[in-house]
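Below: one structure, written as structure tokens.
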Amino acid sequence: MKKIISGLAAATFLVGCTHDKMRPHLNAKDTNELSSESSVHIIKDKNTIKGRFSPPQNYQWIEEKTGSFGYFIENFTLKPYGSQILKYDGNPISTQHLHEAVFDIDTGSKDLQQCADAVIRLRAEYLYKAKKYDEIKFHFTSGDLLTWNDYKNGTRAFVNGNSVNFRKAAELDNSYKNFRNYLDLIFNYAGTISLNKETKPVTRNSNLKTGDILITPGSPGHVVFIAGVCQNKEGKKLFLLGEGFTPAQSIHLLSNPFDKNISPWYDLDVASPETKTARYIFKLTNFRSF
């Protein structure tokens with residue numbers, strides 16, 4: 001169970017993108033009724049998003065700047081085509097027809113790396129790989145901030161009800177294993193509410209880029225991330241979407257059951273009152289960027 005620490009709440013709440021409580025979510029019947037074949041060419045033996053998924057006809061991939069977060073995501077290693085989404089306990093989830101790819105990254109052995117955590121994980125892994133250690137910092141839902149620099153130097157969070165105190169309780173450890181311990185702690189106390197506050201709104205389609213997120217903050221809430229962008233000569237963009245989910249499970253790239261002619265690409269609009277994705281309807285279209 002993940003926790004919220006808030007001055008407005010004295011209890012422990014389940015947060016993130018809880019499947020059985022999440023509304024509005026989509027069920028298998030909703031998506032199975034939408035059928036047609038995709039015109040998008042999928043190169044199944046390629047192991048990156050950019051390598052595996054061609055844009056629809058008359059569209060071209062938008063080149064991400066080398067070393068950027070977007071470049072990191074679209075070139076992230078994928079598992080072999082057809083891989084199942086697995087839960088943190090190693091068992092497959094029941095819904096296996098709404099994704100087109102699975103990211104080759106561990107989920108951990110606890111029910112922690114859910115939807116917001118998947119975004120946090122990718123962002124943190126990017127910063128860690130780029131050695132931008134000073135930028136690895138995330139807030140708890142309570143607003144308390146814990147940086148990787150502080151954690152690796154021994155700072156630990158001590159939670160008592162709604163109170164969070166930080167004090168040095170360990171020796172310096174800058175290993176990757178300790179980095180994963182740090183992230184598990186963040187996953188436990190962060191979520192869509194804190195992630196929403198840590199990002200800035202994107203109000204124009206032309207400004208949307210790989211690595212941006214679409215988020216409903218709440219308990220529960222949900223978030224997906226843009227995993228690729230293509231554009232035609234008129235400047236119209238289409239987008240690939242990735243997500244984590246609850247229970248904690250493989251980070252995956254979504255198919256588009258609403259327009260299979262361009263699946264897995266999505267036609268998105270920041271001004272739309274709602275946005276349907278394969279497993280969740282965002283009743284407020286709220287795009288944000290790091």
Side-chain angles (χ1 to χ4, degrees), residues 17 38 40 42 48-56 59-78 98-105 114-127 130 192 195-196 198-217 221-232 235-245 250-259 262-272 274-290:
C17 37
S38 174
V40 174
I42 298 176
T48 66
I49 289 174
K50 190 171 183 181
R52 185 174 293 178
F53 300 100
S54 65
Y59 284 80
Q60 299 293 327
W61 270 96
I62 290 182
E63 296 293 331
E64 295 290 340
K65 183 179 178 181
T66 302
S68 67
F69 184 39
Y71 185 88
F72 174 81
I73 290 177
E74 70 180 21
N75 289 284
F76 202 94
T77 302
L78 301 175
L98 296 176
H99 72 282
E100 282 290 349
V102 175
F103 284 64
D104 191 6
I105 188 170
Q114 300 175 6
C115 60
D117 315 298
V119 174
I120 292 171
R121 177 73 186 279
L122 291 176
R123 180 68 180 175
E125 291 283 354
Y126 158 69
L127 295 172
T192 53
L195 186 59
N196 186 68
E198 290 177 342
T199 50
K200 300 176 181 179
V202 181
T203 57
R204 298 177 61 184
N205 278 7
S206 59
N207 292 336
L208 284 175
K209 63 185 184 302
T210 303
D212 289 348
I213 62 175
L214 171 59
I215 187 168
T216 294
H222 191 51
V223 59
V224 298
F225 61 90
I226 296 177
V229 185
C230 66
Q231 183 173 286
N232 65 14
K236 182 176 177 57
K237 291 181 176 181
L238 298 175
F239 306 87
L240 296 173
L241 297 177
E243 69 173 10
F245 214 77
S250 310
I251 300 174
H252 51 275
L253 186 80
L254 292 168
S255 61
N256 181 355
F258 309 104
D259 190 347
I262 62 169
S263 181
W265 296 89
Y266 280 78
D267 185 358
L268 303 174
D269 184 358
V270 298
S272 176
E274 70 174 33
T275 297
K276 290 182 179 181
T277 64
R279 300 174 72 186
Y280 188 87
I281 302 173
F282 293 85
K283 285 294 187 181
L284 176 64
T285 298
N286 176 31
F287 282 100
R288 303 184 73 84
S289 180
F290 287 98

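Just so you know, these numbers use all the heavy atoms, side chains as well, and skip hydrogens, waters and symmetry mates.
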Practice task
State, yes or no, whether a side-chain contact exists between His252 and Glu243 at a heavy-atom distance under 4.5 Å.
Solution key: yes
Problem - Spacing of OG1 belonging to Thr203 relative to CG belonging to Asn286, to within rounding of 0.5 Å - result: 11.5 Å
Problem - 4.5 Å side-chain heavy-atom contact, Leu208 and Phe287 - result: yes
Practice task
Could you tell me whether the side chains of Ser289 and Asp212 share a donor-acceptor contact shorter than 3.5 Å?
Solution key: yes
Exercise for the section: Describe, in one word, how the ring planes of Tyr126 and Phe69 are oriented to each other, choosing from parallel (under 30°), tilted (30 to 60°) and perpendicular (over 60°). Expected result: tilted
Handout entry: For Arg123, all residues meeting salt bridge (charged side-chain N to carboxylate O under 4.0 Å, His left out), sequence neighbours excluded
Key = none
Exercise for the section: Could you walk me through whether Ile251 and Val102 pass the side-chain contact (heavy atoms from CB on, under 4.5 Å) test, one step at a time? Expected result: CA-CA 6 Å; Ile251 300 174; Val102 175; over 6 Å; no
Exercise for the section: To the nearest 0.5 Å, tell me how far Asp267 CG sits from Lys237 NZ. Expected result: 12.5 Å
Completion exercise
In short, Leu195 meets Thr199 closest at the heavy-atom pair O-OG1, 3.0 Å
Exercise for the section: Check for a donor-acceptor pair, side chain of Ser272 on one end and backbone N or O of Leu268 on the other, with a separation under 3.5 Å. Expected result: no
Fill in the blank from the handout: Distance col, row Ile120:CD1 vs Cys115:SG, nearest 0.5 angstrom, shows 9.5 Å
Handout entry: Partner residues of Glu100 under the salt bridge (charged side-chain N to carboxylate O under 4.0 Å, His left out) criterion, sequence neighbours left out
Key = none
Distance-only check: which donor-acceptor pairs under 3.5 Å involve side-chain atoms of residues 61-68, not counting sequence neighbours?
residue	atom	partner	partner atom	Å
Trp61	NE1	Phe53	O	2.9
Glu63	OE1	Lys50	NZ	2.8
Glu63	OE2	Lys50	NZ	3.1
Glu64	OE2	Thr210	OG1	3.1
Ser68	OG	Lys65	O	2.7
Ser68	OG	Tyr71	N	3.1

Problem - Check against side-chain contact (heavy atoms from CB on, under 4.5 Å), Phe290 and Val119 - result: CA-CA 11 Å; Phe290 287 98; Val119 174; 3.7 Å; yes
Problem - Side-chain heavy atoms of Glu125 within contact of Phe72, under 4.5 Å - result: yes
Handout entry: Close side-chain approach of Ile42 to Arg52, heavy-atom, < 4.5 Å
Key = yes
Exercise for the section: Would you name the heavy atoms of Pro264 and Val40 that are closest together and state the gap between them? Expected result: CD-CG1, 4.4 Å
Handout entry: Nearest-0.5 Å distance, OG of residue Ser263 to CZ of residue Phe258
Key = 10.5 Å
Problem - Straight-line distance of Ser54 OG to Gln60 CD, nearest 0.5 Å - result: 10.0 Å
Practice task
Give the minimum heavy-atom separation between Phe225 and Leu122, together with the two atoms involved.
Solution key: CZ-CD1, 3.5 Å
Handout entry: Ile49 side chain near Phe76 side chain, heavy-atom distance below 4.5 Å
Key = no
Practice task
Write down the atom of Arg288, the atom of Pro201, and the distance for their closest heavy-atom approach.
Solution key: NH2-CD, 3.7 Å
Exercise for the section: Working to the nearest 0.5 Å, report the span between CG of Asn256 and CZ of Phe239. Expected result: 13.0 Å
Handout entry: Residue pair Thr216 / Leu284, side-chain heavy-atom distance below 4.5 Å
Key = no
Problem - Test item: Asn205 and Asp269 side chains (from C-beta on) under 4.5 Å apart, heavy atoms - result: yes
Handout entry: Exercise: identify the closest heavy-atom pair between Ala278 and Tyr266
Key = N-OH, 3.1 Å
Problem - Note, Leu98 side chain near Pro257 side chain (heavy atom, < 4.5 Å) - result: yes
Fill in the blank from the handout: Heavy atoms of Ile73 and Ala227 approach each other most closely as CG2-CA, 3.8 Å
